[in-house]
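Take a look at the structure below.
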Amino acid sequence: MKRWALLFLFATSAPLALTGVSPVKAQTAEPQNLSSSEETRPISLIADTVSFDPATGVLTASGNVQVFRGTQVLATDRLVYDQRNRHLSVPGRMTLTDGKDVITRAAGAELDTDLENGLIEGAELLIQQQLQLVSERMHRQDGAFKVLDKVVATSCQVCSQYPVPFWKIRSRRVIHDEEARQLYFENATLDVIGIPVAYVPNLRVPEPGVNRAKGMLVPKFSSSNTLGYGMEIPYYWPLGEHADLTVTTQVYSKGAFLLNPEYRRYVKRGYFEVDSYLTLADDLEDNDTRSSLTATGLFQLPNEIELEFQIDVASDNDFRDDYGIGEEDEDRLTSFVTLRRTRKDSFASVSASYIQSLRTNEIDQEIPLVFPEIYGRKTWRDPWFGGKLALTAQSVTLLREDDSRFARAGLVAEWSNDWYLRNGLIVSAYAGVAASTYLTENITGFNDGTLSETIPTAAVDLRYPLSRQNGSVTHVIEPRVQLVWSPKDARANPNEDSVQLNFEETNLFSYNRFPGFDDSERGLRANVGVSYTRYNPEGWSYGLTVGRVYRLEDLNQFGTGTGLDGRHSDYVSAVTLSYQDRFDFSNRTLFDSDFSVSKNEATLAMDFDRLSTAATYIYLEQDVVAGASDRSHEASLELSYRRNDYWTYAGEWRQNLETGHATSGEFGVRYENECVAVNLSLSLEYDTDDAVSTTREVGLTVELAGLGNKKRNTKYARRCAALSG
């Protein structure tokens, strides 16, 4: 059953898999050229017995004969050398090696003394320890070409236990261009498990190890209920030493035809790449021309300055989702350009950005253009009181299509210091002042003009870490109290960058839990918590953090779903448990005094010898401040099982626990041995509004190892002897 199942997979993809072997995207190693002295150097000979007939000029060597010339070594049991005609005759088995690149075994040979021309009978070639070619005879021409007649080529193990290779190419003639490192097959037939499945009149593939050869890459086949049967055929062009172009043609039976050019280039101070999609036909929409463009780049400029940019746009909201382009669940496309400089005690950046929304409930015209955004931070050591001084300058301008404008500029000055007392108590102090000026034009609810505000903040932090050794296990517990003050009164301003909040143990002891500059926490508050950690040198570790925020007054700054509303916040907790790199569990929870949970996030990852799994669970109550209108409640599970050295099964499932409907699923089967890798996948995508509506896609890729850059993977080699040096 396995034999016929694998045969079916190959038969559906073999015609293009044959040509899908040219490689991508690494620098090729050029073949070595012999120096002029090596080219003219006479051959050297070692043998157990050597006899010479002066009358005929014939030298006969026998017993462990080895002939050396440059990087070539010929080994045999008997050799006849005609000095007058400069001719070598090898009447029996022989092995000819040329460095580590090519090994030739044969039943006999007639060669010139340069080992560059002649006839070799029953030749068996091994190229780069990967691709084997067996022929009736081989002609060497000028040391640059090998012409092989009646050839069988494979990268699979061939022995008595596996007499029929998993795949092989039968060809009437093969020309091996050693200088161009190319193999040309004439009248080639691909056999899978001994059964012919494809015929190609002419086939050109690069030599194993050539990683930037022009030609087709591995094709991909798919079947989808929305697009029908599909085929992706990539073609690769190397453009000099530092650039390349890959053009992928995508054809689908339901009337879709796409081109996907991808251009990459490295320059002296950086790199950039452009990845684009264009439909030449599309029956999914009335408009046949749909497109997508992603361009990224990073450059190192003088004076430690970096320039980074990204352009990410699509012609419509559904294009990428229709064709599976980009990341899963991608709902916003961000384009930006940034100049930045990072040093030990300073950071500065200038940037501009724009977001294209793919969400149905968002309007692009309401999303601002950020032009520009400026940020700079500098730190010093305090020469008077000790501690650290910091100065932050920031400015941003937001422009919208309705002619509204929002601008902010501000400075933040900060001082902080830590003291370690003899009893182990750690005391920290912080003082800061933030000054901001706002400019508003055509913004609803605000008068045109400017407004300014200055907000001082002061804090003191007490930590008392306690440690205890119990045998080889270490226990550490650290209670912590942080008192923070800032004025409770605030001037109203358009809040553009401090809308979404995420209260968890990582920001329990933050002076300001708002993420931006437009809003900040006010009033007198105490952040209180305790953490416990257990270390075991055998690999186990356990951590627990729990805490809460207490306020003198409720200033109504936070929404009901954030966990920060009221005089007393919800309790925040985090639990971690891990064992070496095999087991990792974490859980973050928000719950109130009645143990009513408003947020619960859990992740679990396990990795055993053959089985690995990752699971996540998310529960989020409605959060008015963060803009979430619905409760989020879902779980996902990923599994990967390696049955043996050849078969691997994988699956992923996401479930919406609020509606009870599935969200998506991914399933895959991979078979791999030393000469082939087959991937079969099934993708399911469920509509969020209609769980019955499902997008299904089946994908298939086949990679023949030993051709082009697809190396034989000895890790998956079946156990038997193969042609080797």
Side-chain angles (χ1 to χ4, degrees), residues 226-227 248 250 256 258-264 271-280 282 284-299 307-340 349-375 396-408 441-444 494-500 515-516 518 626-630 632 663-664 685 687-689 695:
T226 58
L227 299 171
T248 303
Q250 302 182 19
L258 286 78
L259 287 180
N260 171 213
E262 182 183 0
Y263 178 76
R264 308 185 311 167
Y271 80 95
F272 68 92
E273 58 181 282
V274 180
D275 190 8
S276 60
Y277 291 82
L278 176 67
T279 60
L280 302 181
D282 184 0
L284 299 180
E285 298 285 345
D286 295 334
N287 183 8
D288 285 344
T289 303
R290 305 170 71 190
S291 60
S292 170
L293 173 68
T294 301
T296 59
L298 179 64
F299 303 93
L307 169 64
E308 184 179 10
F309 74 87
Q310 175 177 290
I311 302 172
D312 207 6
V313 293
S315 60
D316 57 82
N317 291 358
D318 298 323
F319 176 62
R320 292 196 174 191
D321 187 54
D322 288 344
Y323 292 97
I325 300 170
E327 299 179 1
E328 187 179 359
D329 298 330
E330 188 175 40
D331 59 359
R332 284 184 170 185
L333 306 179
T334 302
S335 300
F336 67 86
V337 58
T338 300
L339 282 169
R340 60 175 174 261
S349 70
V350 180
S351 63
S353 63
Y354 179 74
I355 295 176
Q356 177 186 353
S357 176
L358 305 181
R359 301 173 181 175
T360 57
N361 59 348
E362 278 189 325
I363 302 174
D364 284 342
Q365 288 77 7
E366 296 179 356
I367 299 176
L369 167 67
V370 181
F371 184 78
E373 183 173 14
I374 303 171
Y375 179 89
V396 67
T397 300
L398 307 181
L399 306 173
R400 290 182 171 87
E401 292 190 13
D402 60 0
D403 293 329
S404 67
R405 182 166 66 133
F406 168 86
R408 181 193 68 241
E441 293 182 5
N442 297 326
I443 296 179
T444 303
N495 184 1
E496 294 282 359
D497 68 353
S498 297
V499 177
Q500 295 186 349
D518 289 339
S629 57
D630 298 317
S632 179
T663 302
S664 63
E685 192 75 27
D687 194 297
T688 55
D689 299 323
T695 301

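All values below come from the heavy atoms of this structure, side chains included, with hydrogens, waters and symmetry mates left out.
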Q | Taking every non-hydrogen atom, the tightest pair across Asp275 and Asn260 | A | OD1-ND2, 2.8 Å
Q. Can you tell if the side chain of Ser357 reaches within under 4.5 Å of the side chain of Asp331, non-hydrogen atoms only?
A. no
Q: Please name the pair of heavy atoms, one in Asp518 and one in Pro494, separated by the smallest distance, quoted to 0.1 Å.
A: OD2-O, 3.7 Å
Q.
How long is the straight-line distance from CG of Leu259 back to CG of Leu280, given to the nearest 0.5 Å?
A. 4.5 Å
Q) Any side-chain heavy atom of Thr294 within less than 4.5 Å of one from Arg320? A) yes
Q. Any side-chain heavy atom of Glu330 sitting closer than 4.5 Å to one from Asp312?
A. yes
Q) Between Thr338 and Leu307, is any pair of side-chain heavy atoms under 4.5 Å apart? A) no
Q: Look up atom OG in Ser291 and atom CG in Asp282, then write down how far apart they are to the nearest 0.5 Å.
A: 11.0 Å
Q. So do Ser335 and Val313 actually touch side chain to side chain, heavy atoms under 4.5 Å?
A. yes
Q. Is any side-chain heavy atom of Asp322 closer than 4.5 Å to a side-chain heavy atom of Thr226?
A. no
Q.
Under a 3.5 Å distance rule, please check whether Ser404 uses its side chain to pair with a backbone N or O of Ile443 as donor and acceptor.
A. no
Q: State which residues pass side-chain hydrogen bond (donor to acceptor under 3.5 Å, both in side chains) with Asp321; sequence neighbours excluded, sorted by chain then number.
A: none
Q | Listed partners of Ser664 passing side-chain contact (heavy atoms from CB on, under 4.5 Å), at least two apart | A | Glu328, Arg654, Glu685
Q) So how far is it from Thr296 OG1 to Glu308 CD, rounded to the nearest 0.5 Å? A) 8.5 Å
Q: Show your reasoning for whether side-chain contact (heavy atoms from CB on, under 4.5 Å) applies to Val396 and Glu496.
A: CA-CA 10 Å; Val396 67; Glu496 294 282 359; over 6 Å; no
Q. From Leu399 CG over to Phe406 CZ, what is the distance, rounded to the nearest 0.5 angstrom?
A. 11.5 Å
Q. Partners of Phe299 by ring-ring contact (aromatic ring centres under 6.0 Å, His included), sequence neighbours excluded?
A. none
(Q) If you compare all heavy atoms of Ser498 against all heavy atoms of Gly516, which two are closest, and at what distance to 0.1 Å? (A) OG-N, 3.1 Å
Q. Rounded to the nearest 0.5 Å, how far apart are CG of Leu258 and OG of Ser276?
A. 10.5 Å
Q: Return the set of residues passing ring-ring contact (aromatic ring centres under 6.0 Å, His included) with Phe319 (not counting sequence neighbours), or none when no residue passes.
A: Tyr323
Q: Looking only at non-hydrogen atoms, find the nearest pair between Ala352 and Phe371 and report the distance.
A: CB-CD1, 3.6 Å
(Q) Is any side-chain heavy atom of Asn442 closer than 4.5 Å to one of Arg400? (A) no
Q: Starting at CD of Glu373, measure out to CG of Leu398 and round the result to the nearest 0.5 Å.
A: 8.0 Å
Q. Listed by chain and number, what are the side-chain hydrogen bond (donor to acceptor under 3.5 Å, both in side chains) partners of Ser353, not counting sequence neighbours?
A. none
Q | Partners passing side-chain contact (heavy atoms from CB on, under 4.5 Å) against Ile355 (at least two apart in sequence or in another chain) | A | Arg332, Thr334, Ile367
